[in-house]
Trainee: 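For reference, the structure I am asking about is given below.
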Protein chains: 2
Amino acid sequence: MGRCENCIIRQFNSLRAMSKEELKRVSDTKTTKLVKKGETIFGEGDKLNGVFCVRDGVSKLSKLSPNGKDQIVKLATKGAVLGQRSVITEEVANLSAIAVNDMEVCFVPKDAIMDSLNSNPNFAVEVLRHIAHDLKEADDVIVNMSQKTVKQRIAEAFIYLEENFGKDKNGYLALTLSREDIANVVGTATESAIRIISDFKKLGLIKAFGKKVAIADRNGLNEVAKGS
Amino acid sequence: MGRCENCIIRQFNSLRAMSKEELKRVSDTKTTKLVKKGETIFGEGDKLNGVFCVRDGVSKLSKLSPNGKDQIVKLATKGAVLGQRSVITEEVANLSAIAVNDMEVCFVPKDAIMDSLNSNPNFAVEVLRHIAHDLKEADDVIVNMSQKTVKQRIAEAFIYLEENFGKDKNGYLALTLSREDIANVVGTATESAIRIISDFKKLGLIKAFGKKVAIADRNGLNEVAKGS
DNA sequence: CGGCTCATTGAATATGGTCAACGCAAGTGG
DNA sequence: CCACTTGCGTTGACCATATTCAATGAGCCG
């Protein structure tokens with residue numbers, strides 16, 4: 001099992017602001033887990049005793065709405081730290097974290113985190129910056145959700161997926177989501193999403209092969225996203 | 001002009017975690033402003049040189065969507081600190097802050113804030129807790145926006161307004177928003193909001209007198225909000 | 001009294017959700 | 001190997017919801 005001090009992933013998240021000693025402590029108390037596609041890392045309402053640092057794979061963070069539908073609030077990938085928010089506010093988890101593909105995550109007990117927060121201002125400020133950035137993104141999502149059509153949001157989602165997760169050798173989006181997951185990301189019914197995706201295909205904006213999708217006309221998609 | 005050390009408002013926000021010396025410094029550099037209803041405290045894209053602490057009145061924090069419509073992301077009242085997020089990430093403001101009624105705000109230059117953040121872990125963690133809480137709320141708003149109908153969201157909005165801003169002696173909501181503002185809070189067209197409000201009135205859920213609104217049947221509204 | 005701003009209403013249209021059916025591919029167990 | 005299930009993706013038809021454009025009213029202020 002690797003040592004946090006040498007972990008490259010750390011460069012992407014707030015743990016990079018920890019001192020050598022702090023990292024050593026984290027490394028000594030952490031455990032590494034493999035999470036299979038579809039498995040739950042933690043669920044809404046769970047009491048979290050630490051945070052999860054994503055080393056590999058992708059997790060969806062979602063919340064069940066009162067009407068019984070899941071809304072995916074964000075996708076977390078390599079470098080993300082899950083559960084941070086709940087640990088800080090000492091509340092139960094507000095979102096569920098479910099693996100979208102096979103993952104490798106490190107669990108870091110909360111004491112190591114909280115002690116560093118309370119004693120190392122550099123670390124606290126670094127975490128603060130990350131959360132502040134998340135908040136900005138969340139505000140932007142609110143605006144998108146409430147002001148854009150489903151079609152625009154789906155177009156944006158594809159662009160987002162390509163930008164953040166890249167493509168495989170055949171040009172398909174490297175992260176393959178089920179139609180249902182796509183619908184849950186943009187907040188619509190699965191059938192609605194399917195219809196729009198099918199339209200995009202007919203318009204030549206994307207290519208689709210089973211659940212795999214490739215962006216064929218990036219500019220065109222962009223036009224749609226901005227409202228054509 | 002009052003001294004921050006004696007300011008009661010401070011109890012509601014992260015400034016309560018500052019030491020006496022830090023507060024003194026804030027107090028010496030701060031300025032107090034009166035902002036009239038409709039005036040802009042800062043706009044999207046502005047570079048902020050400090051934060052604004054709300055002593056009285058209410059501000060709407062909104063963002064213009066690409067299609068030209070304003071989305072009100074949140075309402076900030078007594079005790080709220082505006083612009084905090086932008087100062088922390090050293091980005092331009094992501095939202096506009098506009099006074100919904102006459103306000104009194106204190107402007108605190110960012111140096112005092114940043115220096116305390118970097119040297120006082122108590123303060124940093126307190127700010128962190130606040131922002132983490134804001135993030136949770138934002139995530140919840142995302143779920144509401146994408147999964148609930150306009151009718152549900154308007155019902156929730158009225159309940160929210162009563163809970164957070166109270167009523168006047170006649171039972172009307174103490175914070176009076178224009179129909180357009182209500183529409184912008186729930187993310188819909190003004191006419192849609194108006195129609196639904198008019199329905200609520202016919203159903204006896206609310207009373208309306210011009211732009212003033214009073215909740216008549218709290219339980220009924222709650223039913224609607226949960227989806228009846 | 002204009003001239004404003006905002007609330008209100010109607011009618012036509014667009015957009016999205018729901019229900020139901022069918023196809024296809026990947027297992028699974030006999 | 002075949003019948004059977006199961007999970008998705010896909011499509012159609014219908015209904016509900018929300019937007020848009022347009023017109024009218026109601027109150028307010030100089």
Side-chain angles (χ1 to χ4, degrees), chain A residues 37-38 65-71 98 100-101 144-155 157-158 172-173 176-202 206-214 224-225 227-228, chain B residues 36-38 60 65-71 98 100-101 144-158 172-173 176-203 206-214 224-225 227-228:
Chain A
K37 173 175 173 169
S65 83
N67 72 14
K69 293 207 283 190
D70 240 19
Q71 174 66 34
I98 299 178
V100 172
N101 46 32
N144 276 327
M145 285 297 188
S146 38
Q147 301 286 9
K148 295 197 175 168
T149 64
V150 173
K151 193 183 296 188
Q152 291 177 296
R153 282 180 267 155
I154 292 187
F158 283 138
Y172 290 109
L173 296 178
T176 301
L177 292 178
S178 70
R179 299 295 140 111
E180 189 181 2
D181 277 344
I182 294 177
N184 290 347
V185 166
V186 301
T188 189
T190 307
E191 299 96 322
S192 301
I194 288 181
R195 272 179 242 274
I196 289 172
I197 293 174
S198 150
D199 280 355
F200 284 176
K201 196 166 150 185
K202 282 181 194 138
I206 61 170
K207 284 184 293 184
F209 180 69
K211 54 161 58 175
K212 290 215 171 277
V213 170
V224 174
S228 60
Chain B
K36 292 225 190 65
K37 173 174 174 171
K60 57 180 175 182
S65 83
N67 72 15
K69 294 207 284 190
D70 240 19
Q71 174 65 35
I98 299 177
V100 172
N101 46 33
N144 277 326
M145 284 297 187
S146 38
Q147 302 285 9
K148 297 198 174 167
T149 64
V150 175
K151 194 182 296 189
Q152 289 177 296
R153 282 179 267 153
I154 292 187
E156 282 189 339
F158 282 137
Y172 290 109
L173 296 179
T176 302
L177 292 177
S178 69
R179 298 295 140 110
E180 188 181 3
D181 277 344
I182 294 177
N184 290 345
V185 166
V186 301
T188 190
T190 307
E191 299 95 322
S192 302
I194 287 181
R195 272 178 242 273
I196 291 173
I197 293 174
S198 150
D199 281 356
F200 284 175
K201 196 168 151 185
K202 282 181 194 138
L203 293 171
I206 62 171
K207 285 184 290 183
F209 180 68
K211 55 161 57 177
K212 290 218 172 276
V213 170
V224 173
S228 60

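Since we're looking at a predicted model, the values are computed, not measured. Here is the naming used below: chain letters follow the sequence lines, and residue numbers restart at 1 for every chain.
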Trainee: Let me know the distance between NZ of B/K211 and P of C/dT5, rounded to the nearest Å.
Mentor: 13 Å
Trainee: For A/D199, check side-chain contact (heavy atoms from CB on, under 4.5 Å) against everything at least two apart and list the hits.
Mentor: none
Trainee: Got a sec? Which of residues 146-155 of chain A come in under 4.0 Å of DNA chain D, heavy atoms?
Mentor: none
Trainee: For A/S192, which contact category applies under a 4.0 Å heavy-atom criterion: base, sugar-phosphate, or nothing?
Mentor: base
Trainee: Rounded to the nearest 0.5 Å, what separates atom CG in B/L173 from atom CZ in B/F158?
Mentor: 7.0 Å
Trainee: Under 4.0 angstrom, heavy atoms only, what part of the nucleic acid is B/S198 near: base, sugar-phosphate, or nothing?
Mentor: sugar-phosphate
Trainee: Rounded to the nearest 0.5 Å, what's the gap from CG on A/D181 to NZ on A/K211? Could you check?
Mentor: 8.0 Å
Trainee: Where do B/V100 and B/K37 land on the side chain to side chain contact (heavy atoms under 4.5 Å, CB included) test, with the steps shown first?
Mentor: CA-CA 5 Å; B/V100 172; B/K37 173 174 174 171; over 6 Å; no
Trainee: Could you tell me the separation between the CG atom of A/N67 and the P atom of D/dT17, rounded to a whole number of Å?
Mentor: 13 Å
Trainee: Please give, in whole Å, the distance from D/dG9 C1' to A/I196 CD1?
Mentor: 16 Å
Trainee: Rounding to an integer number of Å, can you tell me how far B/D199 CG sits from C/dT9 P?
Mentor: 10 Å
Trainee: For B/K69, answer base if it contacts any base atom (sugar-phosphate contacts may also be present), sugar-phosphate if it contacts only those atoms, and nothing otherwise; contact means non-hydrogen atoms under 4.0 Å.
Mentor: sugar-phosphate
Trainee: If you only use heavy atoms from C-beta on, which nucleotide in C/dT9, C/dA7, D/dA18 is closest to the side chain of B/T188?
Mentor: D/dA18
Trainee: If the sugar-phosphate is the primed atoms plus P, OP1 and OP2 and the base is the rest, what is the B/S/- string for nucleotides 25-30 of chain D, using protein heavy atoms under 4.0 Å?
Mentor: ------
Trainee: Roughly how far apart are A/I197 CD1 and A/S192 OG, rounded to 0.5 Å?
Mentor: 10.5 Å
Trainee: To the nearest Å, give me how far apart CD (A/E191) and P (D/dG9) are.
Mentor: 11 Å
Trainee: C/dT9 base to B/R179 side chain: any donor-acceptor pair below 3.5 Å?
Mentor: no
Trainee: Taking atom types as modelled, find out whether A/K212 and A/T176 have a side-chain donor-acceptor pair closer than 3.5 angstrom.
Mentor: yes
Trainee: Please report the distance, rounded to the nearest Å, between CD1 in A/I182 and P in D/dC8.
Mentor: 13 Å
Trainee: Taking atom OG1 of A/T190 and atom CZ of A/R195, what is their separation to the nearest 0.5 Å?
Mentor: 11.0 Å
Trainee: Which angle, to the nearest 10 degrees, lies between the helix axes at the two ends of the helix from C/dC1-D/dG30 to C/dG30-D/dC1, each defined by five pairs?
Mentor: 30°
Trainee: On a plain distance test, is the side chain of B/E180 in donor-acceptor contact with the base of C/dC6 below 3.5 Å?
Mentor: no
Trainee: For B/S146 versus A/M145, what's the shortest heavy-atom pair and its separation?
Mentor: CB-SD, 4.0 Å
Trainee: State which residues pass side-chain contact (heavy atoms from CB on, under 4.5 Å) with A/K202; sequence neighbours excluded, sorted by chain then number.
Mentor: A/S198
Trainee: For side chain to side chain contact (heavy atoms under 4.5 Å, CB included), just list the numbers for B/V213 and B/F200, CA-CA rounded to whole Å, side-chain angles, deciding distance to a tenth of an Å, and then say yes or no.
Mentor: CA-CA 11 Å; B/V213 170; B/F200 284 175; over 6 Å; no
Trainee: Enumerate donor-acceptor pairs with a distance under 3.5 Å from any side-chain N or O in residues 147-154 of chain B to protein atoms, sequence neighbours excluded.
Mentor:
{"unit_1": "B/Q147", "atom_1": "NE2", "unit_2": "A/D70", "atom_2": "O", "d": "3.2"}
{"unit_1": "B/Q147", "atom_1": "NE2", "unit_2": "A/Q71", "atom_2": "OE1", "d": "3.2"}
{"unit_1": "B/K148", "atom_1": "NZ", "unit_2": "B/N144", "atom_2": "OD1", "d": "3.1"}
{"unit_1": "B/K148", "atom_1": "NZ", "unit_2": "B/E156", "atom_2": "OE2", "d": "2.5"}
{"unit_1": "B/T149", "atom_1": "OG1", "unit_2": "B/Q152", "atom_2": "N", "d": "3.2"}
{"unit_1": "B/T149", "atom_1": "OG1", "unit_2": "B/Q152", "atom_2": "OE1", "d": "3.4"}
{"unit_1": "B/Q152", "atom_1": "OE1", "unit_2": "B/T149", "atom_2": "N", "d": "2.9"}
{"unit_1": "B/Q152", "atom_1": "NE2", "unit_2": "B/A225", "atom_2": "O", "d": "3.3"}
{"unit_1": "B/R153", "atom_1": "NE", "unit_2": "B/K148", "atom_2": "O", "d": "3.2"}
{"unit_1": "B/R153", "atom_1": "NH1", "unit_2": "B/V186", "atom_2": "O", "d": "2.4"}
{"unit_1": "B/R153", "atom_1": "NH2", "unit_2": "B/K148", "atom_2": "O", "d": "3.3"}

Trainee: Separation of A/I194 atom CD1 from D/dA13 atom C1', in whole Å?
Mentor: 16 Å
Trainee: Within the 4.5 Å heavy-atom criterion, are B/E180 and B/I194 side-chain neighbours or not?
Mentor: no
Trainee: Quick one: label A/S178 by what it contacts on the DNA or RNA (base, sugar-phosphate, nothing), any heavy atom closer than 4.0 Å.
Mentor: sugar-phosphate
Trainee: Quick one: label A/K201 by what it contacts on the DNA or RNA (base, sugar-phosphate, nothing), any heavy atom closer than 4.0 Å.
Mentor: nothing
Trainee: Please state how far atom CZ in B/R195 lies from atom P in C/dA12, giving the value in whole angstrom units.
Mentor: 13 Å
